Amino acid sequence: FIKILIDKIFSIFFLLISSPFLLISSIAIIIEDGFPILFTQNRTGWDGRRFKIYKLRSLKKLNFDKTQQVTKGDKRLLKIGKILRRYSIDELPQFLNILKGDMSIVGPRPHMVEHDIHYSALFSDFLKRHKCNPGLTGWAQVNGLRGATPSPEIMKRRMEFDLWYLNNWTIFLDIYIIFKTFYAILKYKGD
């Protein structure tokens, strides 16, 4: 109950604080590439439930494989998209997912459904990550595992951090991760 309460209060607080960034980013996306502003994608939540994750659109309006992760120097990126992704501004609309109850502020990051299927075949413990709401940030992210997962070894390390989080969860750990996220965003810039 306390975790849910913190999620709701912090989400409203962070949405209010980030609203200027959301407004400026939205205008920049419209000027560079038109509508839509938001990108949605199916992700896996608690106990395998599917939900639509919200992100500011950072890619051009081209027909492309939505299951292909964005990489460094990706030609699909908008100019503004590079900035949005570098500082995780594209993730801010996920506070709406948190308010809806699909996500939590802290937890294992939700992956594309296709990646969950692929990696659950490689790693027997992979689906244990879904024993809580997925998070906007997590233990893996504040320990340098942000962004794309180009190899199974990186995904395995992320999974191990996520499972450690699940086995050692406390409210104080969540608060520590929230504060450490600001440092991690600057130190481990995303792709």
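The residues of the chain are indexed from 1 along the displayed sequence. On a predicted model such as this, the values are computed, not experimentally measured, just so you know. Worth knowing before you read on, the calculation uses all heavy atoms, side chains too, and leaves out hydrogens, waters and symmetry mates.
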Any side-chain donor-acceptor pair under 3.5 Å between S58 and R76? no
On a heavy-atom basis, which atom in I171 and which in K3 lie closest, and how many Å separate them? CD1-N, 3.9 Å
Nearest 0.5 Å, please: how far is CD1 in I98 from CD1 in I9? 13.0 Å
Gap separating the NZ atom of K82 from the CZ atom of R86, nearest 0.5 angstrom: 11.0 Å
What class does the angle between the rings of W164 and W139 fall in, given that below 30° is parallel, 30 to 60° is tilted and above 60° is perpendicular? parallel
Does N167 have any side-chain hydrogen bond (donor to acceptor under 3.5 Å, both in side chains) partners at least two apart in sequence or in another chain, and if so, which? none
Does V106 reach the side chain of L136, with side-chain heavy atoms less than 4.5 Å apart? no
Is the count of non-hydrogen atoms from other residues, nucleotides or ligands lying under 6.0 Å from K79 atom NZ greater than 12? no
Quick one: closest heavy-atom pair of P36 and K61, and the distance? CD-CD, 4.0 Å
Check whether more than 12 heavy atoms from other residues, nucleotides or ligands sit under 6.0 Å from atom CD1 of I2, and answer yes or no. no
Can you hop from I83 to F21 via hydrophobic side chains spaced under 4.5 Å? yes
side-chain contact (heavy atoms from CB on, under 4.5 Å) evaluation trace for R57 with L38: CA-CA 5 Å; R57 186 168 61 87; L38 292 179; over 6 Å; no
Less than 4.5 Å apart, side chain to side chain, heavy atoms only: is that true for L166 and C132? yes
Do you reckon I178 sits in the same ILVMFWY cluster as F172, going by side-chain contacts under 4.5 Å, direct or chained? no
Please go through L23's hydrophobic cluster and name the other residues, only I, L, V, M, F, W, Y counting, with side-chain heavy atoms under 4.5 Å joining them. I27, I31
Give, for atom CD1 of I53 and atom CZ of F39, the distance between the pair rounded to the nearest 0.5 Å. 9.5 Å
Are any of the side-chain nitrogens in D90 or R85 under 4.0 Å away from the carboxylate oxygens of its partner? yes
Within the 4.5 Å heavy-atom criterion, are S88 and R146 side-chain neighbours or not? yes
Hey, are K55 and E91 close enough for a salt bridge, meaning a charged N less than 4.0 Å from a carboxylate O? yes
Holding to side-chain hydrogen bond (donor to acceptor under 3.5 Å, both in side chains), I want the full list of residues that pass it with N97, two or more places apart in sequence or in another chain. none
Does a salt bridge link E153 with R158, judged by any charged N lying under 4.0 Å from a carboxylate O? no
Sequence neighbours excluded - side chain to side chain donor-acceptor pair (under 3.5 Å) pairs with any residue from residues 11-22: none
Heavy-atom count around K180 NZ within 6.0 Å, excluding the residue itself: above 12? yes
CZ-CZ distance between R43 and F51, expressed to the nearest 0.5 angstrom: 7.5 Å
Would you kindly say whether D102 and Y54 are connected by a side-chain donor-acceptor distance under 3.5 Å? no
Of all residues at least two apart in sequence or in a different chain, which pass the ring pair (Phe, Tyr, Trp, His ring centres under 6.0 Å) check with F14? F10, F95
Can you list everything that forms a side chain to side chain contact (heavy atoms under 4.5 Å, CB included) with Q69? Sequence neighbours excluded, please. M112, H115, A148, T149
Taking atom OG1 of T44 and atom CG of L127, what is their separation to the nearest 0.5 Å? 8.5 Å
For the hydrophobic clusters of this structure (ILVMFWY residues joined by side-chain heavy atoms under 4.5 Å, transitively), does one cluster hold both Y87 and L78? yes
Do M103 and W46 belong to the same hydrophobic cluster, where Ile, Leu, Val, Met, Phe, Trp and Tyr are linked whenever their side-chain heavy atoms lie under 4.5 Å apart, directly or via other members? no
Might you work through the side-chain contact (heavy atoms from CB on, under 4.5 Å) test for V142 and Y183, ending with a clear yes or no? CA-CA 8 Å; V142 298; Y183 171 75; over 6 Å; no
Please determine whether side-chain contact (heavy atoms from CB on, under 4.5 Å) holds for the pair K128 and D162, giving the CA-CA distance in whole Å, both sets of side-chain angles, and the decisive distance to 0.1 Å. CA-CA 9 Å; K128 289 181 181 176; D162 291 339; over 6 Å; no
Which atoms form the tightest heavy-atom contact between I29 and I37, and what is the distance? CD1-O, 4.0 Å
Over-ring placement of R129 relative to F126, 6.0 Å and 45° cut-offs: yes
Hey, could you give me the CG/CG distance between L15 and L22, rounded to the nearest 0.5 Å? 7.0 Å
Between P110 and G135, what is the shortest heavy-atom contact and its length? CD-O, 3.5 Å
Carefully, step by step, assess D174 and I6 under the rule side-chain contact (heavy atoms from CB on, under 4.5 Å). CA-CA 10 Å; D174 274 6; I6 289 172; over 6 Å; no
Path from F13 to I4 over hydrophobic side-chain contacts below 4.5 Å: no
